[in-house]
Amino acid sequence: MRNESRVVDSVECGEVRTFKTKNKTFKMKKNIFVVVALLIAGVFSINARNLEALRINEVMVDNNSNIIDEYGQHTAWIELFNGNFAPLNINSIYITNDSTNKTKYAVPVGSEITTMGKRQHIVFYADGNPTLGPLHTSFTLVPNQDNWIGIYDAGGKLLDAVVVPASLGSDQSWARTEDGAEEWIVCTPNDAENYVTPGSANLIKDTNPRIESFATNDPNGFTMTLMAMCIVFGALLVLCLCFYVVSMIGKKTARVRKADAMGVHVTEVARGDHDSGEEIAAITMALHEHFNQHDNESFMLTVRKMKRAYSPWSSKIYGLREVPRRR
């Protein structure tokens with residue numbers, strides 16, 4: 001009976017331990033799943049926020065002598081602009097010319113072509129042949145009539161839309177004044193100012209107004225030199241202050257750790273405005289006893305016996321050879 005009871009007890013304990021182990025494993029897997037889910041949700045939310053900076057930047061409906069696609073064909077094209085200062089993958093968006101059909105053309109997933117660099121452009125060809133590649137849409141644009149174009153994210157949210165006017169002529173484009181700007185203008189290939197720029201910035205700035213203003217107001221560069229010196233010395237001052245603060249924190253931490261290792265609690269004693277006469281007298285007598293405890297025995301000497309291990313190698317009587325003598 002005892003053996004049977006022991007076997008039953010051991011089996012029950014084993015089952016309890018197994019249950020506890022499984023419960024811990026389940027909780028660990030659950031926590032890992034929650035962390036992974038949060039990370040995926042964070043990545044998707046960041047990508048969704050980045051897609052909000054995607055803009056339709058320039059559109060050409062009637063392309064007769066402008067750019068050609070990889071097959072040598074002149075087709076209508078749509079330029080998108082990434083307004084982020086980071087790369088953007090647009091393989092989850094939809095491009096359409098019908099507001100009632102948001103998912104008319106889905107940008108293919110897994111294509112490296114649809115990854116846009118920061119502040120870069122990409123051109124889609126509206127030729128109605130999506131089988132030619134990921135940059136070819138499933139719809140076309142019709143000249144001499146208004147063309148509505150919109151882009152949506154994977155959740156059906158409108159990112160940007162534009163109506164290209166019917167008055168747009170051949171080889172003319174409907175473009176923003178600058179990349180991502182609100183104002184639109186008509187661009188022509190032969191215009192010196194408003195020219196067609198597929199796949200590049202709508203406004204190319206040849207000069208920098210700030211640099212020109214600096215060169216006009218400070219031709220000798222004294223102001224720039226003074227500013228540079230102030231920046232350098234200011235940075236050095238901030239660095240010195242940082243090192244000082246870090247050293248003080250290190251000293252305080254080391255003092256606390258040393259006190260903890262010795263079993264001493266570091267406490268600050270609140271001192272009054274004035275010490276009493278008894279306290280001063282007690283401190284004075286303690287110092288006197290400490291520094292003059294052997295004044296009556298100053299002539300006494302302490303002799304200690306020094307033990308030195310003897311080694312024949314250090315003895316002069318055992319030489320490897322005799323010292324030469326002159327005869």
Side-chain angles (χ1 to χ4, degrees), residues 47-48 50-84 87-143 145-165 168 170-176 178-181 184-187 189 195-202:
N47 191 38
N50 292 338
L51 285 175
E52 294 179 356
L54 187 64
R55 292 290 179 267
I56 301 173
N57 207 47
E58 190 173 2
V59 180
M60 179 175 285
V61 178
D62 189 7
N63 181 11
N64 290 323
S65 61
N66 203 258
I67 63 169
I68 59 176
D69 60 9
E70 61 269 31
Y71 299 95
Q73 301 297 321
H74 292 278
T75 60
W77 50 267
I78 303 169
E79 180 191 82
L80 302 183
F81 170 66
N82 176 21
N84 296 290
L88 178 64
N89 196 330
I90 60 172
N91 57 15
S92 60
I93 68 168
Y94 298 94
I95 307 176
T96 180
N97 64 340
D98 187 1
S99 59
T100 61
N101 187 4
K102 300 179 181 180
T103 60
K104 197 167 188 179
Y105 173 70
V107 178
V109 178
S111 177
E112 296 180 357
I113 304 177
T114 55
T115 300
M116 304 175 62
K118 60 178 182 179
R119 310 289 294 181
Q120 295 300 313
H121 311 75
I122 189 171
V123 176
F124 287 88
Y125 299 98
D127 53 5
N129 295 316
T131 58
L132 297 179
L135 300 181
H136 294 262
T137 65
S138 59
F139 59 88
T140 60
L141 301 179
V142 183
Q145 74 175 35
D146 292 344
N147 289 270
W148 182 90
I149 303 172
I151 52 176
Y152 293 85
D153 62 5
K157 179 182 178 181
L158 181 64
L159 300 175
D160 194 19
V162 64
V163 177
V164 183
L168 200 65
S170 177
D171 290 332
Q172 289 183 338
S173 66
W174 184 244
R176 298 179 186 269
E178 294 185 21
D179 292 339
W184 291 78
I185 57 174
V186 178
C187 296
Y195 46 87
V196 181
T197 57
S200 61
N202 290 357

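Model, not experiment: these values are computed from the prediction. Start at 1 with the first residue, then count along the sequence.
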Worksheet entry | Atom pair CG/CG of Leu159 and Leu54 - distance to nearest 0.5 Å | 6.5 Å

Worksheet, complete the sentence: Minimal heavy-atom distance between Phe81 and Met116, with the atoms involved, is C-CE, 3.9 Å

Worksheet item: Do the side chain of Asp171 and the main chain of Asn64 share a donor and acceptor less than 3.5 angstrom apart?
Response: yes

Discussion item. Nearest 0.5 Å, please: how far is CD1 in Ile95 from CD1 in Ile151?
Written reply: 7.0 Å

Fill in: Thr75-Asn63 side chain donor-acceptor pair, cut-off 3.5 Å
no

Item to complete: Determine the minimum heavy-atom distance between Val196 and Cys187, stating which atoms define it.
Response: CG2-O, 3.7 Å

Discussion item. Any side-chain to backbone donor/acceptor pair from Arg176 onto Trp184? Under 3.5 Å, distance only.
Written reply: no

Worksheet item: Hey, what do you get for CG (Leu168) to CE (Met60), rounding to the nearest 0.5 Å?
Response: 7.5 Å

Practice prompt. Would you confirm whether Asn147, through its side chain, and Val142, through its main-chain N or O, come within 3.5 Å as a donor-acceptor pair?
Written response: yes

Worksheet entry | Distance-only side-chain donor-acceptor flag, Asp179 / Asn57, under 3.5 Å | yes

Worksheet entry | Nearest-0.5 Å distance, CD of residue Glu58 to NE2 of residue His121 | 8.5 Å

Worksheet entry | Which atom of Asp62 lies closest to which atom of Ser170, heavy atoms considered | OD2-CB, 3.6 Å

Discussion item. Walk me through whether Phe124 and Val107 qualify under side chain to side chain contact (heavy atoms under 4.5 Å, CB included).
Written reply: CA-CA 10 Å; Phe124 287 88; Val107 178; 4.2 Å; yes

Discussion item. Once rounded to the nearest 0.5 Å, what's the spacing between atom CD1 of Ile93 and atom OG1 of Thr103?
Written reply: 13.0 Å

Discussion item. For a quick check under 3.5 Å, do Asp98 and Thr96 share a side-chain donor-acceptor pair by atom type?
Written reply: no

Fill in: Exercise: identify the closest heavy-atom pair between Ser99 and Tyr152
O-OH, 4.1 Å

Discussion item. For a 4.5 angstrom cut-off between non-hydrogen side-chain atoms, does Thr137 reach Tyr125?
Written reply: no

Worksheet item: Where the side chain of Ser173 meets the backbone of Ala175, is there a donor-acceptor pair that is under 3.5 Å apart?
Response: no

Practice prompt. Taking all non-hydrogen atoms of both residues into account, name the closest pair between Trp77 and Val123 and its distance.
Written response: CB-CG1, 3.6 Å

Item to complete: For Asn82 and Lys118, test the side chains for any donor-to-acceptor distance below 3.5 angstrom and give the result as yes or no.
Response: no

Fill in: N/O donor-acceptor pair under 3.5 Å between Asn97 side chain and Thr140 backbone
yes

Worksheet entry | Heavy-atom pair with the smallest gap, counting every atom of Phe139 and Lys104 | CB-CE, 4.0 Å

Discussion item. Does atom CD (Glu112) have a neighbourhood of more than 12 heavy atoms from anything else shown, all under 6.0 Å?
Written reply: no

Fill in: Test side chain to side chain contact (heavy atoms under 4.5 Å, CB included) applied to Leu141 and Val164, step by step
CA-CA 10 Å; Leu141 301 179; Val164 183; 5.9 Å; no

Practice prompt. Report the distance from atom CD1 of Ile113 to atom CD1 of Ile122, rounding to the nearest 0.5 Å.
Written response: 7.5 Å

Worksheet entry | Distance-only polar pair, side chains of Gln73 and His136, donor-acceptor under 3.5 Å | no

Worksheet entry | Backbone of Leu132 reached by a side-chain donor or acceptor of Tyr71 within 3.5 Å | yes

Discussion item. Is it the case that the side chains of Thr114 and Asn91 hold a donor-acceptor pair, with the cut-off being a distance below 3.5 Å and no angle test?
Written reply: no

Discussion item. Less than 4.5 Å apart, side chain to side chain, heavy atoms only: is that true for Leu135 and Ser111?
Written reply: no

Worksheet item: Any donor and acceptor pair, going by atom type alone, linking the side chain of Arg119 with main-chain N or O of Gly83 inside 3.5 Å?
Response: yes

Worksheet entry | Donor on one side chain, acceptor on other, Asn202 and Thr197, under 3.5 Å | yes

